[in-house]
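This report refers to the structure that appears directly beneath it.
For this chain, numbers begin at 1 and follow the sequence in order.
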Amino acid sequence: MIKLTTVAILGAVLFLSFSTKKEAIRLTASTDNLPDYYTVKSSQELLAQGKINYPILGKGYLGFKEAVAFKESGGDYSVINQFGYLGKYQFGSGTLKLVGVYDSVGFLNSPAMQEAAFYANASRNKWILRREIKNYVGKKVNQVHITESGILAAAHLAGPGNVKKFLRSQGKNSFSDAFGSSISFYMKKFAGYDTSFVKPDRKAKVDLKQLDVDFTAYIN
């Protein structure tokens, strides 16, 4: 209980302490800002056995992205899965290129770059799915209550095009990844977060000049 309370307080402090994208990336790209037991570098067995505390970081942007990260990698910036997906948020190389990152080694070695990529991808997806967010949030599709955060999480899993197909087909045209995770599962699991901090941007890219680190060699 003490650990969970500590994390909840920490999450509130972190969330309230940033007001811009740049500040959010800086604050959350360092493991120094999260408890030691949260940055998970253990096996999937331990995760499955429930031996690792799930972080309680509120229902804002910080809570949203850390919940997605915990599902994707257990919060591990350095992981590469068997299909070649990279880092804390398990990005594919194609998606990274869309947000301006071309060097996978540099990406894996930079928590700041990974945080910036997550924000840029969410921002880009929010612009692509702006009509779906307007038309479907608050409704049910195939027994799934649709929220903005659920849409953004599903887009992170399956891409915005597949989310459009899911919504417009009333859930009949769905997608599941190699592990069996589906659009509807992500929409349910990550429903109800406040993702208003993410601003829609058709041209969202990782701006490495804002990260106070020289990563210019890693972008085109």
F197 and L62, any side-chain heavy atoms less than 4.5 Å apart: no

Flag side-chain contact, heavy atom, 4.5 Å: M187 against H145: no

Single-linkage hydrophobic cluster, 4.5 Å side-chain cutoff, L108 and M113 together: yes

Stepwise side chain to side chain contact (heavy atoms under 4.5 Å, CB included) test for F64 and K59: CA-CA 6 Å; F64 171 70; K59 299 295 283 187; over 6 Å; no

Residue pairs fulfilling side chain to side chain donor-acceptor pair (under 3.5 Å) with at least one residue in residues 127-136, sequence neighbours excluded: E132-R168

For A155, all residues meeting side chain to side chain contact (heavy atoms under 4.5 Å, CB included), sequence neighbours excluded: N125, L129, V163

S104: partners by side-chain hydrogen bond (donor to acceptor under 3.5 Å, both in side chains), with sequence neighbours left out: none

Distance (rounded to the nearest 0.5 Å) between N109 CG and D103 CG: 9.0 Å

Could you list the donor-acceptor pairs under 3.5 angstrom formed between side-chain atoms of residues 91-101 and any protein atom two or more places apart in sequence or on another chain?
none

Cluster check L157, V79: I/L/V/M/F/W/Y, side chain < 4.5 angstrom: no

Partners passing side-chain hydrogen bond (donor to acceptor under 3.5 Å, both in side chains) against T147 (at least two apart in sequence or in another chain): S149

is_close_aromatic(H156, F190), centroid dist under 6.0 Å: no

Y61 vs V198, side chain to side chain contact (heavy atoms under 4.5 Å, CB included): CA-CA, chis, key distance, verdict: CA-CA 8 Å; Y61 173 71; V198 178; 3.7 Å; yes

V144 side chain reached by K188 side chain, heavy atoms, under 4.5 Å: yes

For the student: nearest non-hydrogen atoms of A153 and Y186, plus distance: O-CD2, 3.4 Å

Contacts of type side-chain hydrogen bond (donor to acceptor under 3.5 Å, both in side chains), residue E148, not counting sequence neighbours: K126, T195

Pair Q90-N81, side-chain hydrogen bond (donor to acceptor under 3.5 Å, both in side chains): steps then yes or no: CA-CA 8 Å; Q90 291 292 278; N81 78 3; 3.1 Å; yes

Donor-acceptor under 3.5 Å (S110 side chain, F107 main chain): no

Candidate pair K71 and K189, rule side chain to side chain contact (heavy atoms under 4.5 Å, CB included), full reasoning: CA-CA 10 Å; K71 173 67 175 67; K189 184 173 182 64; 4.0 Å; yes

Those residues that, when tested against S184, pass side-chain hydrogen bond (donor to acceptor under 3.5 Å, both in side chains) (two or more places apart): S182

Charged N-O contact under 4.0 Å between E72 and K65: no

Side chain proximity check, K164 to I151, heavy atoms < 4.5 angstrom: no

Closest non-hydrogen atom pair between L152 and A122, with its separation: CD2-O, 3.9 Å

N/O donor-acceptor pair under 3.5 Å between Q143 side chain and K140 backbone: no

Nearest heavy atoms of S73 and D76, plus distance in Å: OG-N, 3.1 Å

Minimum side-chain heavy-atom gap V68-F118 below 4.5 Å: yes

Validation row: Y119, Q114 side chains within 4.5 angstrom (heavy atoms): no

